Every structure is written in C-alpha cells, then in structure tokens.
Undergrad: 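One structure coming up, written as structure tokens, with questions to follow.
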Amino acid sequence: MIKSAYSFATQKEKIKQHIIVVWVDNETGVLARVVGLFSGRGYNIDSLAVAEVDKKKNISRITIATSGTPQVLQQIKLQLGKLVPVHKVADFPSNKKTLMREMALLKIVASKTQLEKAKNLCKKYKYIILDKTEKSFVFEISALKKEIDDLIKKLQPLGLASASRTGVVAMTKGSEIYQQD
Amino acid sequence: MANLFTGAEIVFKVLEDHGVEHIFGYPGGAVLPIYDELKNHTKIKHILVRHEQGAGHAAEGYARSSGKPGVLLVTSGPGATNAVTALTDAYMDSIPLVCITGQVPTHLIGTDAFQECDTTGITRPCTKHNWLVKDVNKLSSILNKAFEVATTGRPGPVLVDIPKDIQFKKGKYIKFKEVKKNENKSNITFNGIDNSIEQAIELIKKSSKPIFYTGGGVINSGPKATELLRELVSLTGFPITSTLQGLGAFPGDDNQFLGMLGMHGTYEANNAMHDCDLMINIGARFDDRITGKIDEFSPKSKKIHIDIDPSSINKNVSVDLAIVGDVKFVLKKLISSIKEKYPNFADSNKQGISSWWKQIELWRKKNSLGFSNSKEVIKPQYAVQRLYELTKAQDTFITTEVGQHQMWAAQHYKFNKPNRWMTSGGLGTMGYGLPAAIGVQVANPDKLVIDIAGEASVLMTMQEMSTAVQYKLPIKIFILNNEYMGMVRQWQELLHDKNYSESYTAALPDFVKLAEAYGCVGIRANKPDELDKKISEMLASNKPVIFDCVVDKTENCYPMIPSGKPHNQMLLGKQDEDDKISEEGKVLV
Ligand SMILES: Cc1ncc(C[n+]2csc(CCOP(=O)(O)OP(=O)(O)O)c2C)c(N)n1
Ligand SMILES: [Mg+2]
C-alpha cells in the first residue's frame with residue numbers, strides 16, 4: 001500500500017513487538033480515543049487490556065500489545081501523549097526486563113481419558129481447575145501469550161470447546177516504576 | 001451559597017470571560033436555549049451563516065486573520081455533521097476553533113431521537129478533544145478547558161456537545177482565571193538533548209549550502225515569531241523558502257526569499273531544498289506536497305526541525321536535530337546565542353555561502369513562474385499579478401478556494417505580513433475561501449478582503465454571499481473562471497491521456513446575475529485590456545462583489561513536481577510533460 005500521497009513506501013525497517021502502557025482518566029470515551037487513534041493512523045493492536053487501577057485518582061491503565069517499526073512506535077507514543085485524558089505513556093520492550101502475563105479460561109468437553117490428558121498438558125503452566133463435571137473441565141491458565149497459543153493448539157484435538165483470553169498485562173521488574181520524563 | 005446560572009447563561013459568561021466578540025452559527029431545536037440567551041449579551045455578536053460548514057470556515061478565517069480562536073455554535077444532528085468538514089480542515093491546518101453543538105436532552109441520548117447523532121463520536125478524529133457535558137456544574141470548567149486546548153501547543157479545533165436539558169438546568173459557574181505561563185520554561189528540548197541550541201549553531205556555522213524551510217507554525221506562534229524569523233534570516237544571510245501555509249511570515253518580495261516550495265513551488269526553492277547541506281525547518285511538517293518522493297528528498301542535508309508538536313518530529317522525515325518548542329522562544333534563543341557566540345555572523349559567513357547563492361541565482365534565471373501572456377485571453381497568472389499590483393498598496397487579506405487558482409495565488413501574490421493569507425492546505429477544501437473571507441472581514445472590518453476563487457469551488461459555499469450581504473461585509477470574490485475543475489483537468493491531461501472525465505462544468509450560472517440576485521455587485525472581465533479597469537471598479541465598491549474573470553480554459557499550473565519524482569525533476573511547462581511521469585507515478589495522488 002502506498003501511504004503518503006506522492007511517495008513510495010521503501011526502506012522497510014524492522015518491525016518490533018512492543019507493549020505500550022497508557023495511564024488515562026477513567027472517563028467515557030477514553031478507550032475509544034485510544035483505540036481510534038490506532039485504527040485511524042493504521043497502527044496495529046495485537047491485544048488490549050484495560051481496567052481502573054486507582055479509584056481515588058480515577059485512573060485506568062491501558063496495556064496495548066502492538067508492533068511496528070521504531071519510527072511508528074515513536075509516533076504511537078507521541079500521538080498518545082497528545083490526547084487530553086492521557087497522563088503518561090510508557091513503552092515496555094518485550095525483553096527480559098519486562099514481566100508479561102496473559103490469562104485464559106479454557107473449557108474442555110471430552111471423555112475422562114481425554115480430560116486427564118488435557119490436565120497433564122496444563123500442568124506445565126500455572127493452572128487452576130475452576131469447574132469440573134463428568135464430561136468437562138474449565139481451566140484457568142496464566143502464562144505468556146506464546147505459551148497459551150501453544151497450549152490451545154494442543155488442546156484442540158482433546159476437546160477444547162471454548163477459550164476466553166485476556167490481553168497481555170505487563171510490569172517492569174525490580175523496584176523501579178515508570179516515571180514520565 | 002453561590003449564585004446559580006442556567007447552562008445557557010454559563011455558556012455566554014465563559015465566552016465573555018475569554019473575550020469572545022463574535023460567534024458564527026445557525027440555530028436549531030437543540031440549541032434554542034442558548035439562542036434565547038443571546039439577547040442578554042450585547043458584547044457578543046452572532047453572525048448567522050447559511051450552512052454550518054460556512055460557520056466553521058468563517059470561524060477559521062476569523063481565527064487565522066486575528067490570532068484569536070474562532071467560535072461556532074450549531075445545532076445537533078445535521079448542524080453538527082455539516083460542521084465536520086470545517087473542523088477537519090481546522091484540524092489539518094492547526095487553526096484554533098471552539099465549536100459548541102447542541103445535543104438532544106440527556107435522557108434521550110442513545111434512543112435515536114430526532115436530530116440525534118453521536119457528535120463526539122463523529123468528531124473525535126477531527127478535533128484535538130471533545131466533551132459531552134453531562135453535568136451543568138462542570139460546564140464552565142469544560143468550556144475553559146476547551147479554550148485552553150484549542151489555543152495551546154499546536155492549535156486546533158475542539159468541540160463541546162451540550163444536551164438541551166443541560167442548557168436549561170441551573171448550576172455553578174466558576175469564573176475563569178488566566179494562569180500566567182512561565183514563558184522561559186517552554187520546554188525547548190527533545191529526547192534529553194539540552195544543548196540543542198548550541199548544536200544548531202554549530203551546524204549553521206559549518207554549513208555552506210543552507211536553507212530555511214518555514215511553515216505555518218511560524219504564523220501560529222504569533223507576530224513576534226515573524227519578527228524574529230526576519231531577524232534570523234538577515235543575521236545569517238541564508239536563503240529562505242516557505243510552505244503554502246507559511247507565506248507572509250517572511251516578505252515575499254525580499255531577495256533572500258526563494259518563493260514557495262513543494263509540488264507547485266519555484267525551481268530555485270525546490271532545487272535548493274534538494275541540494276542543500278543544511279535544512280532548517282521552522283514550524284513546517286515535511287508534508288508529502290513538500291517532500292515529493294520521500295527517499296530522494298534532500299539526500300545530502302543535515303536537518304534541523306523546530307516544532308511545538310513533538311509528534312511532528314521524525315513523522316515523515318528523520319531529522320538530525322530536533323528542537324521542540326514554541327517557534328518564538330526557540331528563535332529568540334537561537335538569535336541571542338548566535339549573537340553572543342559569533343558577533344558579525346553574516347559578514348564573516350558571506351564568503352562561505354557565496355557560491356551557494358551563485359547557484360541559486362542560476363536557478364532563478366529559469367524564471368519558473370514565467371508564462372506566455374496573451375492579448376486575446378486573460379491568463380490566470382496575469383490576473384493574479386494585476387490583482388496584486390492594484391492592491392499591494394493596501395493592507396490586503398487574501399483567501400482562496402482549492403485548485404489551480406489557489407496555486408497561482410500562492411505563486412503570484414506576494415505577502416509581506418503574516419495572517420494575510422488564508423488557504424485550505426492540509427485538507428484542500430473546495431468552498432473554504434468564501435466563508436473564510438467572511439470571517440476575515442468580520443475580524444478586520446475596514447480592510448480589503450479578497451477570495452481568489454475557482455468557479456467550481458466557489459459554488460460549493462456560494463450561499464454565504466447572503467451572509468456577506470446581510471452583515472454588509474464587502475468581501476470581493478475574484479473568480480478565475482476557466483469553466484473547468486482546472487486542477488483535475490490538469491492531472492487528467494498529464495496522467496490520464498486527456499480523458500477529461502467529469503471535470504467540465506456545463507450550465508454554470510451567470511455570476512454577474514447571481515451577484516445581483518444576492519443583492520451585491522457583479523462584474524465581468526473578458527479581455528486582458530479591460531482587466532485593470534474592472535479590478536479598480538471592484539476595489540471602489542463598498543459592497544460585496546462577485547468578479548467573474550473569464551480566463552484561459554486550458555492553462556496549466558507550473559512549475560510542477562510530478563507524482564513520484566524528487567525535487568530536482570520538475571516540469572517547467574508543457575514541453576516537459578510527456579517524458580516525465582512513470583507508470584508508477586500515475587497511481588499516486
Ligand atoms: C470538497 C472537495 N471536493 C473535491 C476536491 C478535488 N478537487 C481539487 S481541485 C478541484 C477542482 C477545482 O476547480 P475550480 O474551483 O474551478 O478551480 P481551478 O482548479 O479551475 O482553478 C477538485 C474537484 C476538493 N479539493 N475538495
Ligand atoms: Mg475552474
């Protein structure tokens with residue numbers, strides 16, 4: 001696709017995965033503003049997690065997994081920073097300094113032996129059985145995105161009937177917290 | 001217990017607090033309480049337009065020519081959607097607007113009520129911010145914030161959507177208190193580089209082929225920025241070029257000025273941009289009409305970018321040094337640092353850039369704005385030149401529509417002051433110029449205001465002539481009438497084998513009679529030798545005038561950087577056309 005009016009897109013820069021964390025006023029429309037900025041400017045959203053984190057100050061934390069060239073990632077941050085309800089924007093690189101987790105609820109409907117097999121597969125991760133019947137299990141798994149992707153793939157032939165996943169949430173390691181500069 | 005006021009009263013109290021004297025608007029069911037309140041506020045004059053898009057463009061013209069935010073007031077539903085083009089236009093060109101819309105009563109929101117639309121949803125991508133007011137007690141603080149957001153940082157439009165019940169409800173009004181801004185703390189660093197001014201000066205000192213590339217940001221920063229720019233340019237002796245929006249920040253007739261750059265910029269400006277070794281971008285945004293083919297854009301230069309908006313930096317073109325801040329503060333610092341470090345900079349530096357100037361003079365000799373004049377038909381370029389010559393003695397304000405005439409106006413009308421040139425650059429909105437001229441005339445009652453128009457564009461908002469007549473606004477609509485959507489025709493000639501698909505307007509109105517129907521003056525010029533006399537007649541009239549200037553129908557606008565080409569491969573005229581545009585170039589806009 002030709003992006004800008006009379007230039008060609010050339011010089012493909014490397015696309016990188018990033019996690020952008022945005023602290024916003026928890027008010028109506030704020031998520032639409034953030035998401036609208038991404039769709040309007042053609043940025044990717046790989047996953048999204050939002051919830052209020054400070055009731056007193058009325059602040060929500062939005063965690064967006066995205067990908068783009070370094071130039072695009074910088075644009076994303078700067079454009080987000082211009083939105084009025086945005087307090088700060090952080091960029092968590094997907095590397096060893098960042099803790100990342102996704103959660104999934106997985107329902108297996110299958111025979112007893114299949115259910116046992118499924119359970120064994122889940123054992124590799126942090127899991128809880130939230131609900132159990134003769135014919136079904138509901139697992140809660142908390143792991144990295146890729147791990148959940150893998151698990152789902154393996155559970156499919158074992159009777160995975162329903163999967164519900166959160167977007168990734170992230171935090172820096174150590175005692176530091178993110179300060180806007 | 002503080003006094004309570006209705007929402008409608010609060011709206012006017014806040015407008016008064018911000019010194020608003022004019023609002024452009026159109027009434028309707030969802031704003032009637034506000035319109036009812038108008039009678040109690042004689043300091044605020046309401047200008048009734050004929051279409052809400054007109055209100056928006058008029059407010060833009062008002063803002064651009066006065067430096068104050070423009071205010072518009074429209075009803076819910078169609079009133080709001082009609083304003084969207086103007087809001088987007090203001091967003092693209094960084095014009096401060098405050099748009100107040102009525103909304104259906106709070107309890108009806110979401111029910112598909114009569115004239116309900118999701119105004120904040122629709123305008124979210126074309127405003128800096130917008131608000132739906134759900135509590136009358138918050139109305140004054142929201143409106144204050146709206147003015148602040150519109151006018152600070154990179155300016156732009158904002159919208160406040162007020163449901164009808166909130167307009168009736170009584171609530172607290174908090175008087176606006178201006179917060180004194182600390183001007184020196186304008187945050188002029190970027191990416192932690194705090195010696196950026198020193199770095200800039202070193203680049204300036206070292207350069208032997210420098211150029212200033214300036215944009216609308218200089219104008220938006222205010223008259224002080226313009227003065228400082230002039231000082232910096234004469235201090236350095238460097239050549240300067242300007243974007244479409246920056247015209248007037250530097251005198252158009254000064255020898256250091258190379259004219260406008262970009263798609264229809266001059267040969268010398270574009271070649272200097274291409275060959276320079278130092279580009280100093282002040283308040284411009286490397287937009288695609290400027291850069292041409294991006295990866296062949298000024299390949300050998302170091303680039304400095306001064307901009308108030310950090311997201312403008314490295315958006316389209318990577319730069320070597322970014323200075324984020326208000327132009328006037330950055331220029332002030334730059335100038336004082338140069339003077340301190342290199343007193344006599346211009347003299348000591350003359351030698352270093354003399355061969356660069358020689359090269360520029362060679363490019364200038366091409367006379368790229370030249371055209372072959374005619375005794376039979378009026379050439380559009382000639383018409384703009386005559387208009388300039390006959391109006392340059394007065395303080396004249398020019399607006400335009402969009403098309404060839406717009407480019408000819410930019411090329412041949414010379415601006416010496418900021419805020420005298422109002423054109424839709426970013427969005428390229430046909431129909432902008434006439435209502436914008438109305439706004440300009442409202443802000444500058446005794447000045448000469450001319451819309452250099454195309455016959456196709458001007459018909460898009462022609463109804464606003466009625467507004468001009470009602471308020472006795474003597475705007476002059478100077479139509480370069482070529483019967484074609486000339487710019488479309490030009491592209492079809494160059495790129496689509498002269499298949500002039502739907503770019504001819506049959507059944508154009510008789511503009512002279514149309515003027516008479518509106519109650520203003522109509523004048524027509526057919527021949528070059530009657531042009532001066534007719535223009536003088538137009539200028540002598542104290543009424544709004546529609547001037548039908550019948551021009552050559554097939555004239556093209558040159559020079560031109562064709563699609564997909566870099567700056568140093570311009571078309572200078574018809575003879576260049578055939579071999580220059582590749583198949584790839586044809587798919588670009
Ligand atoms: C609202 C809108 N619709 C369509 C266009 C595309 N467009 C750009 S220039 C142009 C032709 C303008 O014709 P005219 O006003 O007669 O000006 P000329 O080029 O002939 O000087 C058109 C259709 C536009 N810029 N704006
Ligand atoms: Mg035309």
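Because the structure is a prediction, the values reported are computed rather than measured.
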Undergrad: Whether the B:R285 and B:S312 side chains hold a donor-acceptor pair (N or O, under 3.5 Å, no angle test) is what I'd like checked.
TA: no
Undergrad: Is it the case that the ring center of A:Y127 lies less than 6.0 angstrom away from the ring center of A:Y125?
TA: no
Undergrad: Quick check on the interface: out of A:R33, A:Q79, A:K82, A:Q75, who has the most heavy-atom pairs with chain B under 4.5 Å?
TA: A:R33
Undergrad: Please classify the contact of A:Q71 with chain B as side chain, backbone, both or neither, using a heavy-atom distance under 4.5 Å.
TA: side chain
Undergrad: Please look at B:N130 and chain A and tell me whether the side chain, the backbone, both or neither of the residue comes under 4.5 angstrom of a heavy atom of that chain.
TA: both
Undergrad: Cut-off 3.5 Å, side chains only: do A:N120 and A:K123 have a donor facing an acceptor?
TA: yes
Undergrad: Going by an N to O cut-off under 4.0 Å, is there a salt bridge joining A:K153 and A:D149?
TA: no
